[in-house]
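Order of the sequence lines sets the chain letters (A, B, ...), proteins ahead of strands, with each chain counted from 1. Just so it is clear, the model here is predicted, and its values are computed rather than measured. Only this structure's heavy atoms are used, side chains among them; waters, hydrogens and symmetry mates stay out.
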Protein chains: 2
Amino acid sequence: MGHPPFAVTVDLVVLTLTGDELCALVVRRGVEPYVGEWALPGGFVRPEEDLADAARRELAEETGLAPGTVHIEQLGGYGAPGRDPRMRVVTIAYLALAPDLPVPSAGTDAADARWAPVRTLARESLAFDHDRILADGLERARAKLEYTPLATAFCAPEFTVAELRRVYELVWDTRLDPRNFHRKVTGADGLLEPTGRTTTRDGGRPAQLYRRGRAELLYPPMLRS
Amino acid sequence: MGHPPFAVTVDLVVLTLTGDELCALVVRRGVEPYVGEWALPGGFVRPEEDLADAARRELAEETGLAPGTVHIEQLGGYGAPGRDPRMRVVTIAYLALAPDLPVPSAGTDAADARWAPVRTLARESLAFDHDRILADGLERARAKLEYTPLATAFCAPEFTVAELRRVYELVWDTRLDPRNFHRKVTGADGLLEPTGRTTTRDGGRPAQLYRRGRAELLYPPMLRS
DNA sequence: GAAATAGTGTCTGTAAGACAATATGGA
DNA sequence: TCCATATTGTCTTACAGACACTATTTC
């Protein structure tokens with residue numbers, strides 16, 4: 001019984017919110033295969049490196065974001081035989097959510113990097129099977145907003161209810177009633193922790209600033225319906 | 001830029017319901033490492049084989065179940081550097097749910113196989129990092145019962161409301177009110193499709209037989225709360 | 001008939017969604 | 001002052017959970 005050799009990579013679906021769009025990080029490939037095409041950031045896992053460590057390392061290389069500030073979780077494995085023309089490659093995809101929008105810094109094997117609105121990516125095409133990985137990452141993010149406090153991962157450490165609502169509206173591409181949303185999230189147990197301070201950065205009456213609470217699950221969930 | 005060689009395996013969390021327990025399939029290892037210890041079924045991915053195909057092949061080898069009757073979905077990748085003492089192995093774990101309980105047939109490199117109640121497995125320990133994989137599989141199954149029709153994967157093609165309720169009760173280890181459960185699942189849009197026939201196999205008044213409906217998502221969800 | 005399970009009805013509390021009304025800052 | 005947004009309150013409707021009650025089979 002042998003064990004045929006595979007290459008193992010990590011690929012990243014990194015999402016952030018620009019002014020009014022949900023964006024994913026894409027890099028232009030600088031090496032074969034698919035030179036010059038857009039792809040998700042990623043790279044080979046090192047011999048003594050854990051998968052999650054490899055994902056965090058690639059994320060830091062591509063974005064320069066401090067690891068502690070970014071939510072990252074595994075999406076799943078992708079390993080169809082022909083997905084990389086060079087050799088048999090299995091990739092473990094990770095989903096990362098970043099609060100602000102730093103200018104991407106091109107990594108070693110990426111000629112260029114940019115934040116691309118997911119709306120436009122749905123029409124273009126990424127290298128390898130990255131269209132599917134991106135779609136899976138988007139669906140994961142959208143689904144987890146429903147029943148976890150994941151939306152706070154798109155926010156700065158302190159945020160207002162309106163900023164949190166904007167996350168839901170951009171990720172789900174819907175409109176939510178500000179008053180019902182406010183009542184719901186301030187009532188959800190363990191979701192928000194008041195800081196006592198306020199801000200007027202959204203204009204109008206000063207809004208309470210909150211930190212993310214200790215809850216890992218949202219009850220009752222926010223339903224897209 | 002090299003690409004260090006890895007071995008890639010698939011491992012399976014296969015769940016079924018015995019008389020009154022949720023059980024997972026475990027095999028006694030016949031080869032090093034961990035000879036003689038219990039582990040999840042699994043094996044190496046072949047050079048030209050898709051990951052999901054490898055998982056289905058291993059499932060068929062270990063259980064003899066016809067592939068079409070079993071729900072199978074990917075759980076995720078596990079690849080910590082020391083998880084296999086022989087070499088660097090990344091495994092892609094799959095979750096499978098089987099309706100009935102066939103006698104397991106030992107595979108090529110498994111000396112023995114059995115259905116083990118998950119309640120007892122929580123106290124014993126499996127080889128490799130299989131304790132964690134099993135725990136992740138159980139949590140996935142429990143969570144997906146809430147908002148998908150996955151519970152029907154534990155049932156025969158035609159089933160009664162009481163049989164469906166038993167799935168929830170055993171997987172969640174709770175009691176559900178038969179009357180409220182009945183009202184809820186028969187009202188959930190697209191979950192159940194009446195066959196028009198009835199059965200008395202549960203005793204008492206004959207119960208309607210249902211097939212699984214076309215819905216992929218359960219709305220409103222069944223909440224564990 | 002009794003026992004068992006299937007299925008319906010009713011009530012109460014909670015929460016969602018629509019939307020009026022009030023509060024508090026900046027220009 | 002007006003404007004913009006925050007926050008609270010009210011009303012209606014839907015649904016969860018508790019549980020009485022009826023229905024239909026086997027013994």
Side-chain angles (χ1 to χ4, degrees), chain A residues 19-20 145-147 151 155-156 158-170 172 174-211 215 217-225, chain B residues 19-20 145-147 151 155-156 158-170 172 174-211 215 217-225:
Chain A
D20 57 352
L145 288 204
E146 289 195 276
Y147 55 94
C155 296
E158 299 196 350
F159 54 89
T160 66
V161 172
E163 288 162 357
L164 188 64
R165 177 166 50 84
R166 174 174 157 270
V167 173
Y168 279 92
E169 292 185 332
L170 292 182
W172 284 352
T174 48
R175 283 307 201 161
L176 298 173
D177 184 281
R179 299 156 295 184
N180 292 334
F181 183 86
H182 187 284
R183 183 157 38 79
K184 173 137 191 178
V185 295
T186 54
D189 197 55
L191 174 60
L192 300 180
E193 199 169 277
T195 66
R197 268 169 308 146
T198 62
T199 182
T200 59
R201 64 188 176 217
D202 300 323
R205 169 176 168 179
Q208 296 291 324
L209 278 169
Y210 294 92
R211 263 188 302 274
L217 236 41
L218 215 51
Y219 187 81
M222 305 279 310
L223 293 179
R224 283 181 278 187
S225 88
Chain B
D20 56 354
L145 288 204
E146 289 195 277
Y147 55 94
C155 297
E158 300 197 350
F159 53 90
T160 66
V161 171
E163 288 161 357
L164 188 64
R165 177 166 49 84
R166 174 174 158 270
V167 173
Y168 279 91
E169 293 184 332
L170 293 181
W172 284 350
T174 48
R175 282 308 203 163
L176 298 174
D177 184 281
R179 298 157 294 184
N180 292 334
F181 183 87
H182 188 282
R183 185 158 34 83
K184 173 139 191 174
V185 296
T186 54
D189 196 55
L191 173 61
L192 299 180
E193 198 169 278
T195 67
R197 269 168 307 146
T198 62
T199 182
T200 59
R201 62 188 176 216
D202 301 320
R205 170 175 166 180
Q208 295 292 324
L209 278 169
Y210 294 91
R211 263 187 303 273
L217 237 41
L218 216 52
Y219 186 81
M222 305 280 308
L223 293 179
R224 283 181 274 185
S225 89

Undergrad: Atom pairs under 3.5 Å, N or O on each side, protein against nucleotides 20-23 of chain D: can you list them with distances?
TA:
unit_1: dA20(D); atom_1: N7; unit_2: R179(B); atom_2: NH1; d: 3.1
unit_1: dA20(D); atom_1: N6; unit_2: R179(B); atom_2: NH1; d: 3.3
unit_1: dA23(D); atom_1: O4'; unit_2: R205(B); atom_2: NH1; d: 3.3
unit_1: dA23(D); atom_1: N3; unit_2: R205(B); atom_2: NH1; d: 3.2

Undergrad: With a 4.5 Å cut-off on side-chain heavy atoms, are M222(A) and V185(A) touching?
TA: yes
Undergrad: Keeping the roles fixed (side chain from E146(A), backbone from R224(A)), state whether a donor-acceptor pair exists under 3.5 Å.
TA: yes
Undergrad: State, to 0.1 Å, how close L145(A) and L218(A) come at their nearest heavy-atom pair, and which atoms those are.
TA: O-CD2, 4.1 Å
Undergrad: Could you give the distance from CG (L209(A)) to CD (E193(A)), rounded to the nearest 0.5 Å?
TA: 13.0 Å
Undergrad: If I take atom OH from residue Y210(B) and atom CG from residue L164(B), how far apart are they, to the nearest 0.5 angstrom?
TA: 10.5 Å
Undergrad: Grab the CZ-C1' distance between R224(B) and dA16(D) for me, whole Å please.
TA: 17 Å
Undergrad: Rounded at 0.5 Å granularity, tell me how far CG in D177(A) sits from NE2 in H182(A).
TA: 12.0 Å
Undergrad: Please report the shortest heavy-atom distance between E163(A) and C155(A), naming the atom on each side.
TA: O-SG, 4.3 Å
Undergrad: Whole angstroms only, please: what is the CZ-C1' distance between R166(A) and dA6(D)?
TA: 18 Å
Undergrad: Shortest non-hydrogen contact from L176(A) to E169(A)?
TA: N-OE2, 3.0 Å
Undergrad: Using a 4.0 Å heavy-atom cut-off across all strands, classify P178(B) as base, sugar-phosphate, or nothing.
TA: nothing
Undergrad: If you compare all heavy atoms of A215(A) against all heavy atoms of L191(A), which two are closest, and at what distance to 0.1 Å?
TA: CB-N, 4.1 Å
Undergrad: Sequence neighbours excluded, which residues qualify as ring pair (Phe, Tyr, Trp, His ring centres under 6.0 Å) partners of Y168(B)?
TA: W172(B), F181(B)
Undergrad: Tell me which residues in residues 194-202 of chain B lie within less than 4.0 Å of DNA chain C, going by non-hydrogen atoms.
TA: D202(B)
Undergrad: Heavy atoms, side chains only, cut-off 4.5 Å: are P220(B) and L223(A) in contact?
TA: no
Undergrad: With rounding to the nearest 0.5 Å, note down the distance linking CZ in R197(B) to CZ in R211(B).
TA: 7.5 Å
Undergrad: May I have the distance from R175(B) (atom CZ) to dC19(D) (atom P), rounded to whole angstrom?
TA: 16 Å
Undergrad: Taking DNA chain C as the partner, which of residues 180-189 of chain B come within under 4.0 angstrom of it by heavy atom?
TA: H182(B), R183(B)
Undergrad: Just so I know, are the side chains of L170(A) and R166(A) near enough to count as touching, which here means a heavy-atom distance under 4.5 Å?
TA: yes
Undergrad: Nucleotide range of DNA chain C contacted by chain B, 5' to 3', under 4.0 Å to a heavy atom?
TA: dA4(C) to dT10(C)
Undergrad: If I take atom CG from residue L192(B) and atom OG1 from residue T160(B), how far apart are they, to the nearest 0.5 angstrom?
TA: 10.5 Å
Undergrad: Just how far is it from atom CZ of F159(A) to atom OG1 of T195(A), taken to the nearest 0.5 Å?
TA: 10.0 Å
Undergrad: Hey, what bend do you get for the helix from dG1(C)-dC27(D) to dA27(C)-dT1(D) if you fit axes on five pairs at each end, rounded to 10°?
TA: 0°
